[in-house]
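Right, one structure below, let's go through it.
Residue numbering restarts at 1 for every chain, and letters A, B, ... go by the order of the sequence lines. When reading the values below, keep in mind they use all heavy atoms of this one structure, side chains included, and skip hydrogens, waters and symmetry mates. Keep in mind that what you see is a predicted model, and the values were worked out from it rather than measured.
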Amino acid sequence: MNGRGRLLFWTIVLSVGMPFVPLLLWSFSERWFFPALWPQDFGLRAWGYVFTTAGSQILGGLTTSCLLALTTAAISLLVGIPAGRALGLYNFPGKRLVALVLIMPIIVPPLAVAMGLHLWFIRLGLAETFAGVVLIHLTFCVPYAIFVLWGVFSDYNPEIEEQARTLGASAGRVVWSVMLPMILPGVTVAALFSFLLSWSQYLSTLIIGGGKLLTLPILLFALMDSGDRPVAAAVSLVFVVPAFVALVASARSIGRRGLQGVR
Amino acid sequence: MIRPGFARTSFSRKLHVFLSVFLIFAGPVVPVVTGQVLSWDEAVSGARGQTVDWYMWGGSPAVNAYVNGYLADEVKRRYDITLRQVPVKDIAEVVSKLVVEKQAGKDDGGSVDLMWINGENFRTCLRYGLLYGPFADVLPNQRYVDWTNPTVKNDFGTPVEGMESPWGSAQMVMVYDRARIAEPPRSVGALLEWIQAHPGRFSYPAPPDFTGSVFIRHIFYHVAGSVDRWQGDYTQAELEQAAEKTYLVLRELQPALWRGGSTYPESPVRMDTLFADGELDFSFSYHQGDASRKILDGLFPDTVRTYVFDEGTIANTHFVAIPYNAADKAAAMVVADFLLSPEAQLEKAKPGVWGDFPALSQQKLPPQWQQRFADLPRGPATLDDVELQSHQLPEPPSEILIHLEQGWEQQVLKNR
């Protein structure tokens, strides 16, 4: 890394990392008044609340959130990859209409979508179930996944698949060994998008989940306007860490360039 | 700090707009006549083994700790009831959920067993027939409640009539730092003069924030020169006239407010932060013990104190209610009764626990319990019950509240 690269690297690390410093300090502070630059007293009251008083609630929320976000991300990919491929590689009548319909759940306020679907979900017995909440998350996640993968497939050269077939690869082998490695960065981005979107859903989870599914955002949002900054900071960190882990874990494959085909 | 049903944020406004639009398309909700209410014996025997899902504003770690700790343990031990708290940001979200469930014809097996509400959300629930009851009269611990008290009998001008059961009381108190101000202004009139004499050192959360809104009502009572007149019959013209005078006073106040009134704190939390950071010399809270609690939590300095105006400050009661389609009504009734028991109310009143003020009337309690309440450590900033209760003013009906909030937006906020 040369001097300029190093400067850029540290600028990014600082600008991304700095906002977490006050959060960390707040979560360990007992007393911190203006104009003190540093907390006057440190203590573990906030973390005590997170781990003991609200411990079982938060652990439950963490598990529920993870399961929901992983399921939603997986299904988003299952739908998004074929859809993105179709939209990226082929032209067909009504393509723009399809794009409009896909983008609808993003344009329409989520509150309207969730409330409108709630009535139907009650009638279908989906309200207050895990499946129902996954479905409502999918209405927001699937469009993003499709749009990301649409872009990926626009740059994709299917002739490479033909080359593989000529060399005797089966259809499954082509998907697994040719297509997936080539679009992997895009797939990771789409999965990450879906995971993070689902991870941060509050209102739709509340309306469709009806309090049966207590996710982390529900616990966090309820606490946010307490004015108890140490506790809010501690819960925020608990909320951020898994998302951060997901980001770091996927960073390698995002940073990697997809395999380039030979034209 | 405690804002059960009345956190009327811009978000809950938005929700109400969607709700009304939704109802236009979905057709009207017809309130049903509620059937027979369980007797106390039926409730106790049916409650065993049930789980109560209690939907409530979950913004206070102290309240959450009291509910998930003491209350959950006690109802488990005494009645074999599992108490499950469902924290929400704004109980209006839950009211909307119930409206939709009613629309969808989900008349039993509902997930909400108990909810912490009052004021406008209670009124909305009554209008759409979303509540089970009247159940409050059946609970044995009602005998300690003074139902003749205007702040208990009416919930913001709406008669309670047993459709919700009291849980605690709230009263507005002024908050100041003794280290900064030796002698705070003791009446609304004196406060207005103080603000003019000390520009930039006072502000209030922008209505419809509930705490900001209650400040406006104190000005309203002050300029109208009467409190009781708004409880009974008043004409629209009288209201308009008093409201106009209120806006005039508030407009005159604006240049002397924090940042010249060009902006307002968006919440009491923000106001408390500005106060703690020394930007403002006063804060106020719709909770008598909030300042002491904040001192204990290290959010306020030790020298912070509270006081009430000589003419009194506005007070109200917060309640719990049971939805019409609750799956576990029996257990919900038992929990509502336990909430009112002297033991639970005493625990709740401890400043280190929550510091919420009892919904029970001290006169109606047995002498030994009166003594225990009197002996409670009150926290450094909290006034005693006598001082507080002798300075209580009732809330005006919701119509006046809404009229003032909307008028404030038109005449004060936009007219600067």
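Of the two parts of A:Glu128, only the side chain, counted from C-beta on, holds a non-hydrogen atom closer than 4.5 Å to a non-hydrogen atom of chain B.
For the atom pair B:Asn64 CG and A:Gln57 CD, the distance stands at 6.5 Å (nearest 0.5 Å). Taking NZ from B:Lys89 and CG from A:Leu219, the interatomic distance works out to 14.5 Å, rounded to the nearest 0.5 Å. From A:Leu206, atom CG reaches atom OH of B:Tyr55 across 8.0 Å, with rounding to the nearest 0.5 Å.
Taking 4.5 Å as the limit, every side-chain heavy atom of B:Gln103 sits out of range of all side-chain heavy atoms of A:His118. Contact annotation: the side chain of A:Ile122 approaches that of B:Glu101 to within less than 4.5 Å [non-hydrogen atoms, C-beta and beyond]. Within the 4.5 Å cutoff, no side-chain heavy atoms of A:Phe221 are placed close to those of B:Val88. Residues B:Glu93 and A:Ile207 fail the side-chain proximity criterion, which asks for heavy atoms closer than 4.5 Å. Put simply, the side chain of B:Asn68 does not reach to within 4.5 Å of the side chain of A:Ser56, judged on heavy atoms. Counting heavy atoms from C-beta outward, A:Arg123 and B:Lys106 have side chains that stay 4.5 Å or more apart. Put simply, the side chain of A:Leu214 reaches to within 4.5 Å of the side chain of B:Pro87, judged on heavy atoms.
Around the CZ atom of A:Phe42, the shell of radius 6.0 Å holds more than 12 heavy atoms that belong to other residues, nucleotides or ligands. Heavy-atom contacts from other residues, nucleotides or ligands closer than 6.0 Å to OH of B:Tyr70 number more than 12.
Between B:Arg84 and A:Lys212, the shortest heavy-atom contact is NH2-O, 3.2 Å. Nearest approach of A:Gly210 to B:Ser111, heavy atoms of both residues: O-OG, 3.5 Å. Heavy-atom minimum distance, B:Val100 versus A:Leu119: O-CD1, 3.7 Å.
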- Task: Assess whether side chain to side chain contact (heavy atoms under 4.5 Å, CB included) is satisfied between A:Ile218 and B:Val86, documenting all intermediate values.
- Result: CA-CA 9 Å; A:Ile218 290 191; B:Val86 181; 5.6 Å; no

